[in-house]
Amino acid sequence: AIPNICIGVDVIVGFPGESEKDFNTTYKLLNKLDVSYLHVFTYSERKNTTSVDISPKINTETKILRRNILRLLSKKKYNNFISNNIGKKTNILFEDYSNGILSGWTDNYIKVKVKGKKNLLNKIKYIQILNTEDTAVNGALINEH
């Protein structure tokens, strides 16, 4: 219904009773889903919750390994999402400025850096997403009104 939407999924790893098979099933499902990124959490026990009584507990090393595996999958998905947006034109709200570079978030949740003037801070402008460089996504203003 919303073209080019950015969809993130919250995932908890290491919940008590999570088997290797459970984790692999989760991984396969998340890998198939057309989502933009994963927000991965490691389960941590909380007093007065029913999960305290569930066994078996998952050891810390396994939780960290599973979290890292899903974070790598998230990075792959987000990089693919960004790649699919190269060349597109969209609105951005500029929130930061430093040394001639504005940065902000597009309406589909991509942080983009653009050369521009400080007077564009807190304004919505139309840009084109140009490329990626290291971890930054670069864009250009289409018009500076």
Side-chain angles (χ1 to χ4, degrees), residues 1-47 49 51-52 54 57-145:
I2 303 172
N4 206 29
I5 191 169
C6 178
I7 297 176
V9 174
D10 288 352
V11 184
I12 297 174
V13 297
F15 192 83
E18 178 187 76
S19 69
E20 188 71 26
K21 182 180 178 187
D22 293 334
F23 176 75
N24 289 333
T25 299
T26 299
Y27 181 92
K28 287 174 187 173
L29 172 66
L30 293 170
N31 192 37
K32 284 193 304 188
L33 289 177
D34 186 17
V35 297
S36 309
Y37 69 95
L38 308 171
H39 193 185
V40 183
F41 300 89
T42 304
Y43 170 80
S44 58
E45 205 166 83
R46 299 285 193 261
K47 293 179 182 180
T49 62
S51 62
V52 170
I54 299 173
K57 305 294 184 207
I58 309 303
N59 68 50
T60 301
E61 294 79 21
T62 301
K63 288 182 199 179
I64 291 169
L65 175 64
R66 291 176 182 174
R67 180 190 67 207
N68 290 342
I69 288 169
L70 290 185
R71 284 185 176 168
L72 284 173
L73 177 60
S74 178
K75 186 174 181 176
K76 179 181 106 175
K77 287 186 163 295
Y78 193 69
N79 287 341
N80 186 52
F81 176 70
I82 297 298
S83 293
N84 289 334
N85 280 273
I86 299 298
K88 295 201 174 174
K89 298 174 183 176
T90 188
N91 288 314
I92 188 169
L93 171 61
F94 290 119
E95 296 178 338
D96 294 303
Y97 175 84
S98 179
N99 299 322
I101 303 294
L102 293 151
S103 65
W105 296 93
T106 65
D107 52 9
N108 66 339
Y109 200 63
I110 299 173
K111 189 165 188 175
V112 180
K113 294 183 177 188
V114 176
K115 289 181 183 175
K117 298 178 182 172
K118 190 173 185 176
N119 68 331
L120 297 178
L121 266 177
N122 299 314
K123 294 189 177 163
I124 296 173
K125 293 294 176 182
Y126 200 55
I127 64 158
Q128 181 172 20
I129 299 173
L130 300 176
N131 58 41
T132 59
E133 185 178 319
D134 296 321
T135 60
V137 179
N138 300 308
L141 286 166
I142 292 177
N143 84 39
E144 284 193 52
H145 301 295

Please report the closest heavy-atom contact between [X] and [Y], naming both atoms and the distance.
X: Glu95; Y: Leu121; value: C-CD2, 3.4 Å
X: Ser51; Y: Pro16; value: O-CG, 3.8 Å
X: Ser36; Y: Cys6; value: OG-CA, 3.3 Å
X: Glu45; Y: Val52; value: CG-CG2, 3.7 Å

Is there a side-chain contact between [X] and [Y], using heavy atoms and a 4.5 Å cut-off?
X: Leu120; Y: Leu141; result: yes
X: Asn80; Y: Tyr37; result: no
X: Arg66; Y: Ile58; result: yes
X: Lys115; Y: Ile101; result: yes
X: Lys111; Y: Asp96; result: yes
X: Ile86; Y: Thr132; result: yes
X: Phe81; Y: Asn4; result: yes

Around atom [atom1] of [X], are there more than 12 heavy atoms of other residues, nucleotides or ligands at under 6.0 Å?
X: Leu29; atom1: CG; answer: yes
X: Asp10; atom1: CG; answer: yes
X: Phe41; atom1: CZ; answer: yes

Give a yes or no answer on whether the side chain of [X] reaches the backbone of [Y] with a donor-acceptor pair at less than 3.5 Å.
X: Lys77; Y: Asn31; value: yes
X: Lys57; Y: Ile54; value: yes
X: Gln128; Y: Lys88; value: no

Euclidean distance, [Y] [atom2] relative to [X] [atom1], rounded to 0.5 Å:
X: Asn108; Y: Thr90; atom1: CG; atom2: OG1; value: 5.5 Å
X: Asp22; Y: Glu20; atom1: CG; atom2: CD; value: 9.5 Å
X: Leu93; Y: Asn122; atom1: CG; atom2: CG; value: 6.5 Å
X: Thr106; Y: Asn91; atom1: OG1; atom2: CG; value: 9.0 Å
X: His39; Y: Ile12; atom1: NE2; atom2: CD1; value: 11.0 Å
X: Ile129; Y: Ile82; atom1: CD1; atom2: CD1; value: 7.0 Å

For residues 15-36, pull every pair meeting ring-ring contact (aromatic ring centres under 6.0 Å, His included), keeping only residues two or more places apart or in separate chains. Phe15-Tyr43
Please report the C-alpha distance between Lys113 and Glu133 in whole Å, then the side-chain angles of each, then the deciding distance to 0.1 Å, and finally whether the salt bridge (Lys or Arg N to Asp or Glu O under 4.0 Å) criterion is met. CA-CA 10 Å; Lys113 294 183 177 188; Glu133 185 178 319; over 6 Å; no
Dump the intermediate steps for side-chain contact (heavy atoms from CB on, under 4.5 Å) on Phe94 and Val112, then the final yes or no. CA-CA 9 Å; Phe94 290 119; Val112 180; over 6 Å; no
Are Thr25 and Lys28 close enough, and set up right, to give a side-chain contact (heavy atoms from CB on, under 4.5 Å), and what steps lead you there? CA-CA 5 Å; Thr25 299; Lys28 287 174 187 173; 5.9 Å; no
From the options Ile69, Asn68, Thr62, select the one residue that forms a side chain to side chain contact (heavy atoms under 4.5 Å, CB included) with Leu65.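 Looking at Ile69, Asn68, Thr62, the match for Leu65 under the side chain to side chain contact (heavy atoms under 4.5 Å, CB included) is Ile69.
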